[in-house]
2 protein chains.
Amino acid sequence: MLNDRKKKILQLIIEDYISTAEPVGSRTIARKYDLGISPATIRNEMSDLELLGYLEQPHTSAGRIPSAQAYRFYVDSLIEPGSLTDNDMALINSWYKERRRSIDDIFQSTAKILSRMTQNVSMVLANKDAGAVFRYIKFLPLDSSHAILCIVTDDGNVDNCVVEIPLGMRPEEMDYLAGRISRVLEGKELSEISDELLSALHMDVAEDKVLFTSFLQAIKRMSRKQNEQRVFLGGTKQLLNQPEFRDVERVKSLLGILEEEKVVRDLLVAGEDSGLKITIGTENKFTGIQDCSMVQATYRLNGKIVGTMAVLGPTRMEYGKVITVMDYLHKYLKTMFEQDKE
Amino acid sequence: MLNDRKKKILQLIIEDYISTAEPVGSRTIARKYDLGISPATIRNEMSDLELLGYLEQPHTSAGRIPSAQAYRFYVDSLIEPGSLTDNDMALINSWYKERRRSIDDIFQSTAKILSRMTQNVSMVLANKDAGAVFRYIKFLPLDSSHAILCIVTDDGNVDNCVVEIPLGMRPEEMDYLAGRISRVLEGKELSEISDELLSALHMDVAEDKVLFTSFLQAIKRMSRKQNEQRVFLGGTKQLLNQPEFRDVERVKSLLGILEEEKVVRDLLVAGEDSGLKITIGTENKFTGIQDCSMVQATYRLNGKIVGTMAVLGPTRMEYGKVITVMDYLHKYLKTMFEQDKE
DNA sequence: TGTTAGCACTCGTTTTGTTAGAGTGCTAAC
DNA sequence: GTTAGCACTCTAACAAAACGAGTGCTAACA
């Protein structure tokens with residue numbers, strides 16, 4: 001176990017390195033922060049810390065940089081919960097207001113804000129509310145051979161698509177049909193609308209084969225769309241602000257990974273269970289980001305996972321700031337969604 | 001005016017430089033391309049071309065690189081219309097098929113394809129069809145105090161949003177109201193739905209003030225949304241593949257510009273009139289991209305501008321390939337939209 | 001026993017110097 | 001008009017030297 005002075009020194013080194021990205025030497029610590037001890041003493045302590053695996057030296061004549069183990073210790077024990085400045089909060093609020101038409105916009109804004117505030121890449125995974133309950137469908141006539149099929153769910157979402165109808169079908173017939181289908185599906189969660197249910201429906205009210213097939217396909221597609229998980233990325237170009245990514249090759253390799261939506265989704269889903277998850281360096285199981293750290297927060301509404309947000313960046317990351325921002329966004333989203341539900 | 005040999009040499013230099021990004025020397029030309037003349041002769045010609053402003057030397061002992069004037073001459077007079085390989089066409093088709101749910105997806109795919117094929121940043125500006133004609137509106141009841149307002153246009157698009165309704169309003173009343181509003185707006189182009197028209201409507205059928213205001217706002221918002229121009233960017237990370245952008249600072253400055261949607265929109269709108277527009281280096285009026293070239297193609301349907309696509313990259317750009325790809329995409333889009341209209 | 005000043009040592013970075021090579025321009029000959 | 005030859009220029013690449021930040025160790029001190 002580290003004594004208090006070692007802890008303090010370690011903390012200062014980590015924080016100095018986080019903000020400067022330069023190896024930290026004993027003199028720097030002595031000069032910048034008044035600990036009442038000389039560089040030589042600090043040197044001794046640093047030597048110990050290196051032996052214990054918390055610090056490493058890029059080379060003999062450089063200062064020291066924190067190891068992954070140090071970051072781990074830092075986020076577990078040293079970090080102090082911070083709070084956002086009023087300025088930051090005002091910025092966040094204004095960014096959210098900038099564009100807020102749909103649910104998607106909110107997620108997109110979240111990704112953007114997260115990346116801007118942390119100067120790192122952000123990822124937001126939105127689980128569409130699979131619990132949305134089917135209310136009814138309705139056909140809106142378009143022309144003699146097409147109509148618009150609207151699916152209404154109880155959360156106020158409407159999805160629509162154009163379907164082909166038998167030539168000259170009358171509105172009343174359509175309403176009748178819609179009514180029959182609606183009665184079967186009403187009250188079902190969209191996730192429940194399975195192939196079996198749909199094909200049963202097909203058997204049940206199969207008057208016009210062609211029409212029916214196109215309906216069913218439309219309904220299925222839409223319920224699938226509702227269930228979809230979507231990924232929002234933010235600030236991939238913030239990467240360039242990090243000295244770790246001064247090298248174009250490294251940027252390219254990371255962007256290559258982020259480009260694959262599937263990979264990002266897997267990455268996010270993997271860390272979804274715990275509320276706040278921080279993976280540092282090689283703790284990351286995904287190849288290609290093992291020299292990075294990731295801070296991920298999963299948010300729930302009534303026990304269900306609504307989504308998860310994450311920040312990905314070099315291990316030298318402002319963990320404190322990231323956590324603080326996420327916490328704020330989390331609360332913000334919560335009130336926003338609750339408002340929405342009313 | 002340049003004689004044929006000068007033209008040929010200039011063309012070879014330009015094309016060699018485009019593909020290698022290295023200054024081209026007289027020996028290179030003599031060795032690579034069999035012109036039947038010695039390096040010394042080529043040297044003389046190159047010296048002339050430099051004097052005429054077509055070539056420049058980074059320094060004495062380097063080869064020469066084309067000037068902006070040379071590129072201009074190249075695209076105006078030297079370039080030969082190419083055609084895509086079967087392989088490329090197959091790729092494009094498969095990329096389009098990959099994701100094709102909505103109109104937006106098509107534009108997004110276009111941007112993606114354009115950037116992938118040309119290894120440069122692509123921009124697509126989609127003018128939503130302002131000519132869509134209003135058909136009718138319809139209220140779908142949701143709960144006792146909310147309904148979903150659907151706006152149906154004759155191109156089969158439906159927009160919807162949740163509006164507040166007076167507590168306990170009956171479906172028949174809503175239908176009646178919808179009918180009245182629909183009759184006034186029917187047949188109008190969405191772009192025609194002006195504030196005056198809406199407020200006239202307000203005067204005309206202002207039975208329930210609150211309800212009405214929320215309706216009108218919804219309709220207005222939706223017609224505005226319909227009219228919106230949207231910008232799609234593609235392959236901002238392709239930038240990193242270009243040797244010109246080996247330097248992170250340059251990448252950052254360009255990405256900064258592309259980040260501002262408004263700037264991109266202005267940029268695209270500015271070049272919208274002509275069918276194919278190529279701006280090279282300082283011909284660009286926008287600051288920040290004056291060391292870049294831009295190839296822009298505007299596509300129309302029945303005389304109306306549907307959208308415009310552009311490729312932005314270093315002046316050393318594969319102009320021929322870019323034009324060929326754009327031409328192909330143009331045709332592809334055309335058939336796609338025409339199918340859609342049926 | 002913990003702390004500190006002093007000093008030799010290490011090693012990466014910066015600076016300076018040197019060389020090799022690519023390319024040109026000029027001249028003279030064909 | 002074309003070309004071979006050659007001197008000249010300039011950069012990129014490499015090597016050597018000077019610099020400096022930082023350490024580890026030792027001995028002295030409280």
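Here is the naming used below: chain letters follow the sequence lines, and residue numbers restart at 1 for every chain. Model, not experiment: these values are computed from the prediction.
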*asked:* Counting only heavy atoms and a strict 4.0 angstrom limit, can you tell me which residues of residues 22-45 of chain B come near DNA chain D?
replied: B/G36, B/I37, B/S38, B/A40, B/T41, B/R43, B/N44
*Name all residues meeting the salt bridge (Lys or Arg N to Asp or Glu O under 4.0 Å) criterion together with A/R250; count only those two or more places apart in sequence or in a different chain, and write none if there are none.*
A/D291
_What is the first contacted nucleotide of DNA chain D and what is the last, in 5' to 3' order, if contact means an atom lying under 4.0 angstrom from a heavy atom of chain A?_
D/dG20 to D/dG24
*Between A/N241 and A/Q119, does any side-chain donor sit less than 3.5 Å from a side-chain acceptor?*
yes
*With sequence neighbours excluded, what pairs up with A/K7 under the salt bridge (Lys or Arg N to Asp or Glu O under 4.0 Å) test?*
none
_Any residue meeting salt bridge (Lys or Arg N to Asp or Glu O under 4.0 Å) with A/E283, in chain and number order, not counting sequence neighbours_ = A/R72
Please report, to 0.1 Å, the donor-acceptor pairs under 3.5 Å made by any side chain of residues 54-63 of chain A, with sequence neighbours excluded.
residue	atom	partner	partner atom	Å
A/Q57	NE2	A/T60	O	3.0
A/Q57	NE2	A/A62	O	3.4

*Report yes if some heavy atom in the side chain of B/T308 is under 4.5 Å from a heavy atom in the side chain of B/V124; otherwise report no.*
no
*Pull out every stem in DNA chain C, meaning runs of 3 or more consecutive Watson-Crick or G-U wobble pairs with both distances under 3.5 Å.*
C:1-30 with D:1-30
*Specify the residues of residues 60-70 of chain A, ordered by number, for which at least one heavy atom lies under 4.0 angstrom from an atom of DNA chain D.*
A/T60, A/S61, A/A62, A/G63, A/R64
*What residues form a side-chain contact (heavy atoms from CB on, under 4.5 Å) with B/D266, not counting sequence neighbours?*
B/K262, B/F286
*asked:* Could you check whether atom CZ of B/R265 has more than 12 heavy atoms from other residues, nucleotides or ligands sitting under 6.0 Å from it?
replied: yes
_d(CD, A/E56; P, C/dC11) in whole Å_ = 17 Å
*With sequence neighbours excluded, residues passing side-chain contact (heavy atoms from CB on, under 4.5 Å) with B/S77*: B/F73
*Report, as yes or no, whether the 6.0 Å neighbourhood of atom CG on A/D34 holds more than 12 heavy atoms from other residues, nucleotides or ligands.*
no
*Restricting to pairs with a member in residues 19-53 of chain A, which pass ring pair (Phe, Tyr, Trp, His ring centres under 6.0 Å), not counting sequence neighbours?*
none
List, one per line, each side-chain donor-acceptor pair under 3.5 Å for residues 317-326 of chain B, sequence neighbours excluded.
residue	atom	partner	partner atom	Å
B/Y319	OH	B/S293	OG	2.7
B/Y319	OH	B/T315	O	2.6
B/T324	OG1	B/G320	O	2.7

